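Single-structure report; data block below.
These numbers come from a predicted model, not from an experiment. Positions are given from 1 along the sequence.
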Amino acid sequence: QVQLVESGGGLVQPGGSLRLSCAASGSIGSINVMGWYRQAPGKERELVATITSGGSTNYADSVKGRFTISRDNAKNTMYLQMNSLKPEDTAVYYCNAAIVNSDDYYRRTYWGQGTQVTVSS
């Protein structure tokens, strides 16, 4: 069993900052690509940023220069530092990870339960 648990969401004013965390636990053999996605009301889920096990990153154009993705491989944890937040960043943020399960050595994609980020004055 593998779980991804997000934390750090909340209500913030425009221009403010939040830091999201995603902790993986359970039968983890190895973690490959990890990523953050978000889904606003009435919209499809979209990619925010990804990071490989080696630290290579990729960002959606809408968050470049404002968001920073990082990970601590020793802690099986990924972070998303969000600065200069805008109302249009309001969404449920989900973490995603490609994980090789140590029980059966199959690689699967896992999702967290999501954390709400609301940017409003």
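- Considering CG of Asn32 and CD1 of Ile99, their distance stands at 9.0 Å, rounded to 0.5 Å.
- Of all non-hydrogen atoms in Leu18 and Gly8, the two that sit nearest each other are CD2-O, 3.8 Å.
- Around the CD atom of Glu88, the shell of radius 6.0 Å holds more than 12 heavy atoms that belong to other residues, nucleotides or ligands.
- Just one of Glu6, Gln116, Arg38 meets the side-chain hydrogen bond (donor to acceptor under 3.5 Å, both in side chains) condition when paired with Tyr93; it is Arg38.
- Looking only at side-chain heavy atoms (C-beta outward), Val12 and Met82 stay at 4.5 Å or farther from each other.
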- Task: Apply side chain to side chain contact (heavy atoms under 4.5 Å, CB included) to Asn73 and Ile31, showing your working.
- Result: CA-CA 8 Å; Asn73 292 330; Ile31 304 177; over 6 Å; no

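- Contact detail for Ser121 and Pro14: the closest heavy-atom pair is N-CD, 3.7 Å.
- Closest approach of Tyr79 to Trp36, counting heavy atoms only: O-NE1, 3.4 Å.
- Side-chain atoms of Leu85 and Phe67, non-hydrogen and from C-beta on, do get closer than 4.5 Å to each other.
- Between the side chain of Tyr59 and the backbone N or O of Arg66, no donor-acceptor pair lies under 3.5 Å.
- Going from atom CG of Asp72 over to atom OG1 of Thr77 covers 6.5 Å, rounded to the nearest 0.5 Å.
- At a threshold of 4.5 Å between non-hydrogen side-chain atoms, the residues Thr109 and Asn96 count as touching.
- Residues Ser102 and Ile28 approach most closely at OG-N, 3.7 Å, considering heavy atoms.
- Note on Lys86 versus Asp89: no salt bridge recorded, every NZ/NE/NH1/NH2 to OD/OE distance being 4.0 Å or above.
- In the hydrophobic cluster analysis, where Ile, Leu, Val, Met, Phe, Trp and Tyr join through side-chain heavy atoms closer than 4.5 angstrom, Met78 is grouped together with Val2.
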- Query: Going through the distances and angles, do Ser7 and Thr115 end up as a side chain to side chain contact (heavy atoms under 4.5 Å, CB included)?
  - Reply: CA-CA 6 Å; Ser7 60; Thr115 185; over 6 Å; no

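- The side-chain heavy atoms of Val117 and Leu20, taken from C-beta on, include a pair separated by under 4.5 Å.
- Asn83 and Ser17 share a donor-acceptor pair across their side chains, judged by distance under 3.5 Å alone.
- Connection of Trp111 to Val92 is established within a shared hydrophobic cluster, with ILVMFWY side chains joined at heavy-atom distances below 4.5 Å, either directly or through further cluster members.
- At distances below 3.5 Å, at least one donor-acceptor pair connects side-chain atoms of Thr90 with backbone N or O atoms of Val119.
- There is no path of hydrophobic side-chain contacts, each under 4.5 Å, that joins Ile51 to Val33.
- In this structure, Lys75 NZ and Ser25 OG are separated by 15.0 Å, a value rounded to the nearest 0.5 Å.
- Annotation for Gln3: atom CD does not count as buried by contact number, only 12 or fewer foreign heavy atoms lying within 6.0 Å.
- For the pair Cys22 and Arg71, the minimum side-chain heavy-atom distance is 4.5 Å or more.
- Between atom CZ of residue Arg19 and atom CG of residue Leu80 there is a gap of 10.0 Å, rounded to the nearest 0.5 Å.
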- For the pair Asn101 and Tyr110, evaluate side chain to side chain contact (heavy atoms under 4.5 Å, CB included) and give the outcome as yes or no after the intermediate values. CA-CA 11 Å; Asn101 191 304; Tyr110 295 88; 3.6 Å; yes

